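Remarks on the structure that follows.
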Amino acid sequence: MTEGTPTADAATITKARARLGELSARARTVELRERFAGDPDRAERFTRSFEDVRLDASKNWIDAEVWGALLDLARASGLRARIDAMFAGDVVNPTEGRPALHVALRAPAGQVIEVEGRDVVAPVHAVLERMAAFAERVRSGEWKGHTGRRIRAVVNVGIGGSDLGPAMATQALAHYAQPDLAVRFVSNLDAADFVQNTRDLDPEETLFIICSKTFTTLETLTNARTAREWLLGSLGDEAAVARHFVAVSTNEAEVAKFGIDPENMFGFWDWVGGRYSLPSAVGLSLMLAIGPAGFRELLQGFHSMDEHFRTAPFEDNLPVWLGLLAVWYGSFLGAEAHAVLPYDHSLRRFPAYLQQLDMESNGKATALDGSRVAHPTGPIVFGEPGTNGQHAFFQLLHQGTRLVACDFIGFARSNDPVGDHHDLLVANLFAQTEALAFGKTPDEVRAEGVAEALVPHRTFAGNRPSTTILIDRLTPASLGRLIALYEHSVFVQGTIFGVNSFDQWGVELGKALATRIAPELTSPAPPTHDASTNALITHYRHHRR
Ligand code: F6P
């Protein structure tokens, strides 16, 4: 089987899965201690690098045979053909009848990628130029608020993909941001989010970006209306909206209906999934923070990883490595959870961002052909920045009963080099991966003079797998590479799971029910749901005042 396999090959998949099943039984019995002791070259053998990104997979339950079988499974699943289809703009999201062309958002000017016979890269760059011109005007103070004051605060109002990407990246790249322009994010339907983020802002100096692909999302439109009332409550004049509101959307009609001039709208396209939309106009808030040049660097970083993913042999392909490791633990070793642990405080929202990217993409039980999947799909993703997580849930990682796949992400250089903080931080990262992998035996504990009764409590079984991603420095470009690494890893996993990683039907039912329940909360009529929900509604009616 070669990487050129045009489509998934059921018989070969079954064979590869059976082989991996056999290998997984053996993998459980070989300790990481033994794996390292038996192979002095193990660290190098299972490390791959691309540009400034080093991925060390050696502290995982893998050997050459397992790796070969995982690669066979990837090939049998038609991964090469799927990658080519995604980059070519084919309809890889059949349940919504669309391509998933986020890679076109970071393609260099001049490249041609077609959707229905039309190049999409030139329009992408046209929007980027409009965004850059607008960002320059705001950042320089040329764009004035309604009363002639310059803009000092930008508030992005959006949720899910219209919030998590720009919020995570703006925080991650705070080091590169213009210091006299605050950039905030309001997402939650709970008014506390809006109130807490605007209570110290001056409406005369505040610009709202209403960011919603569909422009129909309840949370975003509710917050947008509140923002308009907040602004007009102070400025009084409807004409102020034009100087204080811009929109990012694919839905010009709804933007106009809301009262934002389409002149002040930055568009994108239905072939951009919400959770893949940071490099589109959805990144406008980030561009306002770090400037158009920084944003372009981010796009270049994305693009370099895209090209690596598209062209590198699977044996050396970082997203393929990350994806196959996740498949190995999730589908063959029974791991339910995947911890993502960035040792950089600026990346503290990265786990939340990845939760949407991974869980909304691969949290599915229905295969592309409509059948029920036969194997576990995407994991439960969670995480916290190091070292905070160490003082919260690492106990379970070290001594709990569950297998959790862990990704540690660190940087060789800090953007905030103060004293010895960074060396201590990185020492902790390395220490955690070492402790997880090699543990501490009962004899080692005894040798420290620990009382016998405490030995079992103080023993670390070790053999807990982790992957370390070490990057030179957190820059716009390296952040682009890191995000694209995970995006494509999710795609690799989705391809092997056989699911559509680009739809999200699972979010719809709750939205529809909430629309039904909302009027019932204030209605005297009996509620119309199950006994539990009816009782909750009734209780709420009595207590809401
Ligand atoms: O939660 C579902 C979802 O559709 C996400 O996929 C999306 O990122 C989010 O809602 C926001 O959607 P929109 O950008 O259309 O407001």
Side-chain angles (χ1 to χ4, degrees), residues 92-102 105 127 131 155-170 185-190 193-194 208-228 245-260 265-286 349-364 366 377-378 381 483 486-487 490-491 494 499-515:
V92 291
N93 175 1
T95 59
E96 295 181 317
R98 300 168 183 165
L101 254 184
H102 37 286
L105 298 170
V127 174
M131 288 164 62
V155 181
N156 185 85
V157 176
I159 197 163
S162 297
D163 166 70
L164 286 163
M168 176 276 289
T170 301
F185 294 85
V186 169
S187 55
N188 205 321
L189 192 52
D190 185 342
D193 198 8
F194 183 86
F208 289 98
I209 302 174
I210 311 302
C211 187
S212 173
K213 179 175 170 179
T214 54
F215 230 77
T216 56
T217 304
L218 173 75
E219 292 89 337
T220 301
L221 290 187
T222 307
N223 277 318
R225 279 192 290 272
T226 300
R228 191 166 53 189
F245 277 78
V246 298
V248 171
S249 188
T250 59
N251 191 343
E252 191 175 320
E254 286 298 323
V255 168
K257 211 160 107 193
F258 180 81
I260 297 177
M265 166 178 161
F266 299 87
F268 60 114
W269 304 271
D270 68 357
W271 43 261
V272 181
R275 53 195 175 273
Y276 299 88
S277 65
L278 168 65
S280 73
V282 168
L284 182 62
S285 47
L286 172 65
R349 291 290 281 163
F350 193 63
Y353 170 78
L354 272 191
Q355 281 177 328
Q356 189 199 12
L357 179 66
D358 198 325
M359 294 163 85
E360 201 167 79
S361 295
N362 289 338
K364 289 161 192 169
T366 303
T377 56
V381 178
I483 299 171
Y486 275 94
E487 282 178 348
V490 165
F491 181 67
V499 299
N500 178 359
S501 299
F502 301 113
D503 62 11
Q504 57 285 317
W505 299 108
V507 302
E508 296 301 331
L509 178 58
K511 287 185 193 175
L513 284 172
T515 308

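In this text the structure is predicted, and so the values were computed from the model without any measurement. Counting from 1, the numbers follow the sequence of the chain as shown. Each ligand, and each atom within it, is numbered from 1 in the order the structure gives.
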Subject >> Cation-pi geometry met for Arg228 and Phe258 (6.0 Å, 45°) >> reply: yes

**OP:** Could you tell me whether a side-chain N or O of Asn156 sits under 3.5 Å from a main-chain N or O of Ser162, the two making a donor and an acceptor?
**Re:** yes

**OP:** Of all the heavy-atom pairs spanning Thr377 and Lys364, show the shortest one and how long it is.
**Re:** OG1-O, 2.8 Å

Original post:
With hydrogens left out, which residues have an atom under 4.0 Å from ligand 1, given that only heavy atoms count?
Top reply: Ile159, Gly160, Gly161, Ser162, Ser212, Lys213, Thr214, Thr217, Gly274, Gln356, Glu360, Gln504, Val507, Lys511

Subject >> N/O donor-acceptor pair under 3.5 Å between Asn251 side chain and Thr214 backbone >> reply: yes

Subject >> Main-chain N/O of Val282 paired to Lys213 side chain as donor or acceptor, under 3.5 Å >> reply: no

Original post:
Quick check: does any side chain N or O of Asp193 sit under 3.5 Å from a backbone N or O of Ser187, one acting as donor and the other as acceptor?
Top reply: yes

